[in-house]
Amino acid sequence: MRWQGQTIDDADAAALPGLENRTGIVHSVTTPEFAGMTFHEVLAKSALNRVPGGSRMPFSWTINPYRGCSHSCVYCFARGTHHYLDLDGGGDFDSQIVVKTNVAEVLQRELRRGTWNHETVALGTNTDPYQRAEGRYRLMPDIIRALAESGTPFSILTKGTLIRRDIPLLVEAATSVPVDVQMSIAMYDDELEHSIEPGTPSTQARLDTVRALTDAGFRVGVFLMPVLPHLTDSVEQIDQALRRIKASGADHVIYGALHLRAGVKPWFLQWLEREHPELMSSYRGLYPGAAAEAPRAYRQWLAKRIRPLIRAHGLEARHSDDAYPERTLTRPAVLTPPAPPPQPTLF
Ligand code: SF4
């Protein structure tokens, strides 16, 4: 979706060079607390985006308060979407963040329409709603309130520990609508995590956030994806990850192998060549030409390896293709502390 179709006709001469004549930029802001980043504040015309027909996802609508993401994951599949803004999918995606400052207000209007039928709305399916900009703009609290007050179920997927700020609000929302919360935590080696997800909170901070959400009564899922061939797919690495996930109180694990769509592949391969040149030929073999998915044989091999491990740790295994079954959208048992995790015995 082109963002200029979402915004008003009002440009700012101080906007990002090249975008001065584009419609919709109200302000381009830099501040010392966010060195190296520019926030392009826009007024959105709509907040709810319809998921294209034929999608396998069990939600029909999404909300993306931000475009671009300061979490800067090298493998981020959304990188290609920045091209629609005439920005690149590399450094621009990480640092030129479009902020829909009026998103909650527009959402409230949309939810009041008689035609709104309260289908599940997903947040965090494109860029992260709890990325750093949220600390400044605080768009999520009003979005959560608007969804809950209108009786609309919703799900949130994030790597942002900032979600802890909104736990009381989420608990309150869950008393009136189903609320599903998932944390994305794929790297369990600090060095690799710093290198490939340079803008994210640490793995441990995210696990601590799973604990906080679990303690608040949510059945939290952890996205253990992308699994990186040769980098994070050994039995030892998966086992260590699952041990920490289980200890955090998570309920289930959603796994999936690395996807490399056209918009992200060059950026990922650039990183791989710099950090792991020895793996270049292997990755070119796994993701040849325009191939976005790892070969079926690798995905089957991964499933065979990871599913028994997930079960051995007492967690429920889901593949990314069935990551959002409706039954996960359940009201949490608010304020029921989870039982201490059993120590699994592996093999
Ligand atoms: S947190 Fe999600 S949206 Fe943000 S860069 Fe990482 S993968 Fe992309």
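The shown structure was predicted, so the numbers you read here are calculated from the model rather than taken from an experiment. Numbering of ligands and ligand atoms starts at 1, following listing order.
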Which protein non-hydrogen atom lies closest to atom 2 (Fe) of ligand 1, naming both residue and atom, and how far is it?
K159 NZ, 3.9 Å
Using the benzene-type ring in the case of Trp, are the ring centres of F223 and Y255 under 6.0 Å apart?
no
Can you confirm whether the side chains of D92 and H82 place a donor and an acceptor under 3.5 Å from each other?
no
To which protein heavy atom is atom 5 (S) of ligand 1 closest, and what is the distance rounded to 0.1 Å?
C73 N, 3.4 Å
Identify whether L169 and L107 are in the same connected component of the hydrophobic contact network (ILVMFWY, side-chain heavy atoms under 4.5 Å).
yes
In the protein, which heavy atom is nearest to atom 1 (S) of ligand 1, and how far is it?
H71 ND1, 3.3 Å
Contact between R145 and Q108 at the side-chain level, heavy atoms closer than 4.5 Å - yes or no?
no
Please confirm whether the ring centroid of F39 lies under 6.0 Å from the ring centroid of Y137.
yes
Starting from atom 8 (Fe) of ligand 1, find the nearest protein heavy-atom neighbour and note its residue, name and distance.
C76 SG, 2.3 Å
Identify, by atom number and element, the atoms of ligand 1 in contact range of S72, meaning under 4.0 Å from any of its heavy atoms.
5 (S)
Part of N126 with heavy atoms under 4.0 Å of ligand 1, whether side chain, backbone, both or neither
backbone
Closest heavy-atom pair, T200 versus R206, reported as atoms and distance to 0.1 Å, is OG1-NH2, 3.3 Å
What part of A78 sits under 4.0 Å from ligand 1 if we count only heavy atoms: the side chain, the backbone, both or neither?
neither
So between V74, N64, T127, whose heavy atom ends up nearest atom 3 (S) of ligand 1?
T127
Where is the tightest heavy-atom contact between L286 and P229, given as atom of each residue plus distance?
CD1-CB, 3.6 Å
Closest non-hydrogen protein atom to atom 4 (Fe) of ligand 1, residue and atom name please, with distance?
C69 SG, 2.3 Å
